[in-house]
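Here's the structure we're looking at; comments come further down.
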Amino acid sequence: MAGLLLAATAVMAQPAPVKNATKAVFTLTTFKADGQLLASSHGVFVDANGTALSDWSSFEGAASAVVIDATGKRFDVDYMIGANEIYDVAKFHVNGKTNGATIATTGAPEGATVYLLGYSVKKPEISTTKIDKVETFMDKYHYYIIKSVLPDNTQSCPLVNDAGQVLGFVQHSQYTTDNHATDAMYINDMQVTGLSFNDPVLRRTNIPTQIPDDKEQARVALMLSTQTVDSAKYTKMVDMIVEKFPDLPDGYTALAQRHLNANDFAAVDRVMETAIKNVPEKDVAYFSYARLIYQKEVYKSGIPYPAWSLDKAFEQAQKAYEVNPQPLYQHLQAQILYSKEKYQDAHDQFMALTKSDLRNPELFYEAAQCKKRLNGTHEEVIELLDSAISCFKKPYTPEAAPYFYARAGELNDKGEYRKAVADYNQYDTLMQGRHPADFYYVREQSEVKGRLYQQALIDIEIATRLAPTISLYWAEKGNLLLRLKEPKAALESAEKSIALEPEYSDAYLIKGLAQIQLGDKKAGLETLNKANELGNEQAPALIEKYK
């Protein structure tokens, strides 16, 4: 009551700037994705262009938000500018002209009397209160503590000084009777950069983040958002980038990619034709267009779109190179040639690029794939894969891992099983053991052929542990246990395989051999006959052997 009494006695002493500042106060309402009310609060405009300050907690989980100013005018919140979860503050923007208050550049001292501005369309309530304590953070900002009792409906309403300048806004404590306010200057100093799009706090609202004013920062934002932002928010962000930077090719490419993902190829055409018309970097636009067409023709070839072909993709890549002769554009041409099954032409272009500034392991790997298609020798293919690996310096990084894996497969096909295992082991080390079950099965196959049986047993056991429902792995484990003279364990593995896939002939073959090794020849022959009935090609000879 003391706080309210103080407010009542101070009504007559309100300076004109304080009364004028009430025009900047607004109500904030946020909504969930289904349109249900999420939270209600207040805030204050700090300029005439829609910049606003309020609390962060109202925005967490919000899909949309609106504010209503002191005249009753409604504004949609169009983007976030910054937020801090610890201080529960946020800076955002609405679409429209607003009545803004001035931010105080000098903090209020302890014991100072300040004004609390309530919200009302008709007659805003202005009350006075005292700053009981001031703390400093980040060397220049103020954190105000107020012990007076304040009305419950003043959450995020601004505190102003005699000049009507905003010091902060009221935040009611959840744990004590105290109230506090974070320096409005701290909130207003928040700025967007490309890294803001990876901010874990801003990612917890579905209201889009402001696009940076700097083009390079906008590019960073776009790159980060591809993997970290949900699809609806990403879509809004891309639209905002295209609108803000109509001469930036990245926005058009992202927008076209979105249409490509939705199989709206005509929309891709429209977007990229606009990009080619508007952006000064014509080569980048042509290249992006070529790559989009290439993606569709390679990965979505089953969806007809007569206007596109690999030839058109190649034509756009050529245009890019004619505008700006970059090796990157030739690389895409080579990839298109490979997809057109022109393997010799693709091989020659990949190899020519290894002598350019673009030289990288991928080029040697792609040349190796061409050589395989051209029925080149294993030696020729391995030599190219050796060159791919030689692009990396020791100690190797995870980026080298795919090339060790590719060379391991080629060495295995050549019959150099132990060398293949060595490459699989290097791959395993670089990937720090993060593999699906099929990797352990593949390596086990090379280990068995290289007579590295104990290593093979460890790998196939890992495979069965990672994928216990795949009958192939249990059958392979049983087969390996037979080699190691462990018929009882082999029988158990074969039975697990059969339980998973009752018509799997190899499992019956292994079970039959295990039964015979355990001395039950009659049961073993019956099981081998079952394998034979299921079409196992090895069964007849084994039946004849043990009959």
Side-chain angles (χ1 to χ4, degrees), residues 215 218-219 222-223 225-227 229-350 352-353 358 362-363 366-367 369-370 373:
K215 283 185 181 181
R219 282 190 165 111
L222 193 59
M223 179 183 66
S225 301
T226 303
Q227 301 298 326
V229 174
D230 69 76
S231 58
K233 194 173 179 181
Y234 178 72
T235 296
K236 291 179 183 177
M237 190 198 74
V238 170
D239 290 340
M240 289 166 66
I241 286 181
V242 172
E243 181 179 358
K244 188 166 188 174
F245 298 112
D247 59 344
L248 184 67
D250 306 60
Y252 293 104
T253 301
L255 179 60
Q257 184 70 58
R258 191 182 75 199
H259 290 311
L260 184 73
N261 295 343
N263 299 328
D264 190 350
F265 309 128
V268 177
D269 272 336
R270 289 193 297 272
V271 170
M272 294 314 300
E273 285 168 3
T274 302
I276 291 168
K277 178 181 177 182
N278 290 347
V279 304
E281 300 165 279
K282 304 294 184 189
D283 57 310
V284 177
Y286 282 127
F287 172 70
S288 297
Y289 194 17
R291 190 170 52 186
L292 289 161
I293 297 171
Y294 171 70
Q295 287 178 29
K296 186 272 173 194
E297 292 302 301
V298 172
Y299 302 112
K300 299 188 176 191
S301 58
I303 305 174
Y305 188 63
W308 285 2
S309 64
L310 286 171
D311 287 334
K312 180 165 184 175
F314 191 84
E315 174 188 322
Q316 296 300 316
Q318 277 186 316
K319 288 181 178 180
Y321 188 78
E322 288 168 2
V323 173
N324 186 7
Q326 293 294 319
L328 180 64
Y329 305 155
Q330 286 185 309
H331 185 207
L332 180 57
Q333 291 177 40
Q335 290 174 318
I336 296 169
L337 289 170
Y338 180 88
S339 298
K340 291 178 67 176
E341 300 183 7
K342 295 186 175 182
Y343 301 121
Q344 188 62 58
D345 291 342
H347 170 273
D348 294 344
Q349 191 141 324
F350 287 132
L353 287 168
L358 191 65
E362 184 183 2
L363 294 170
E366 290 169 321
Q369 301 314 299
C370 292
R373 294 285 189 171

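Counting begins at 1 with the first residue of the sequence. The figures that follow rest on heavy atoms only: side chains count, while hydrogens, waters and symmetry mates do not.
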- How about R219 and P249: do any of their side-chain heavy atoms sit closer than 4.5 Å? yes
- What closest approach, in Å, do T253 and S288 show between heavy atoms, and which atom pair accounts for it? OG1-OG, 3.1 Å
- Side-chain touch R291/Q335, heavy atoms, less than 4.5 angstrom: no
- Taking all non-hydrogen atoms of both residues, which atom of V279 and which atom of P246 are closest, and how far apart? CG1-O, 4.2 Å
- Task: Mind listing the closest non-hydrogen atom pair of L363 and L358 along with its distance?
- Result: CD1-O, 3.8 Å
- Item | Donor-acceptor under 3.5 Å (K300 side chain, Q295 main chain) | no
- Please list, chain by chain and in numerical order, all residues satisfying ring pair (Phe, Tyr, Trp, His ring centres under 6.0 Å) with Y338, sequence neighbours excluded. Y343
- Message: Taking ring-ring contact (aromatic ring centres under 6.0 Å, His included) as the cut-off, I'd like each qualifying pair that reaches into residues 273-304, sequence neighbours left out, listed once.
- Response: F287-Y329
- Task: Identify the heavy atoms of I276 and A285 that sit nearest to each other, and give their distance.
- Result: CG1-CB, 3.8 Å
- Do you know the tightest heavy-atom contact between I303 and K296? O-NZ, 2.6 Å
- Message: Using every non-hydrogen atom in the two residues, find where I293 and S309 come nearest and quote the distance to one decimal.
- Response: CG2-O, 3.5 Å
- Message: Tell me whether K340 at atom NZ has more than 12 heavy atoms from other residues, nucleotides or ligands lying less than 6.0 Å away.
- Response: yes
- Look up atom CG in D264 and atom OH in Y305, then write down how far apart they are to the nearest 0.5 Å. 8.5 Å
- Rounded to the nearest 0.5 Å, what's the gap from CZ on R258 to OG1 on T235? Could you check? 4.5 Å
- What's the verdict on side-chain contact (heavy atoms from CB on, under 4.5 Å) for L222 and M237, showing C-alpha distance, side-chain angles and the deciding distance? CA-CA 8 Å; L222 193 59; M237 190 198 74; 3.4 Å; yes
- Measure the CE-CD distance between M272 and Q257 for me, rounded to the nearest 0.5 Å. 10.5 Å
- Item | Among I241, D250, V238, side-chain contact (heavy atoms from CB on, under 4.5 Å) partner for L255 | V238
- Query: What is the ring orientation for H331 with F350, classed by angle as parallel under 30°, tilted 30 to 60°, or perpendicular over 60°?
  - Reply: perpendicular
- How many angstroms lie between atom NE2 of H259 and atom CG of L292, to the nearest 0.5 angstrom? 11.0 Å
- Item | Donor-acceptor side-chain pairing of D345 and Q349 below 3.5 angstrom | no
- Message: If I take atom CG from residue L337 and atom CD from residue Q330, how far apart are they, to the nearest 0.5 angstrom?
- Response: 11.0 Å
- State the SG-CD distance between C370 and E341, to the nearest 0.5 angstrom. 11.5 Å
- Message: Tell me if a side-chain donor or acceptor on K319 pairs with a main-chain N or O of A290 at a distance below 3.5 Å.
- Response: no
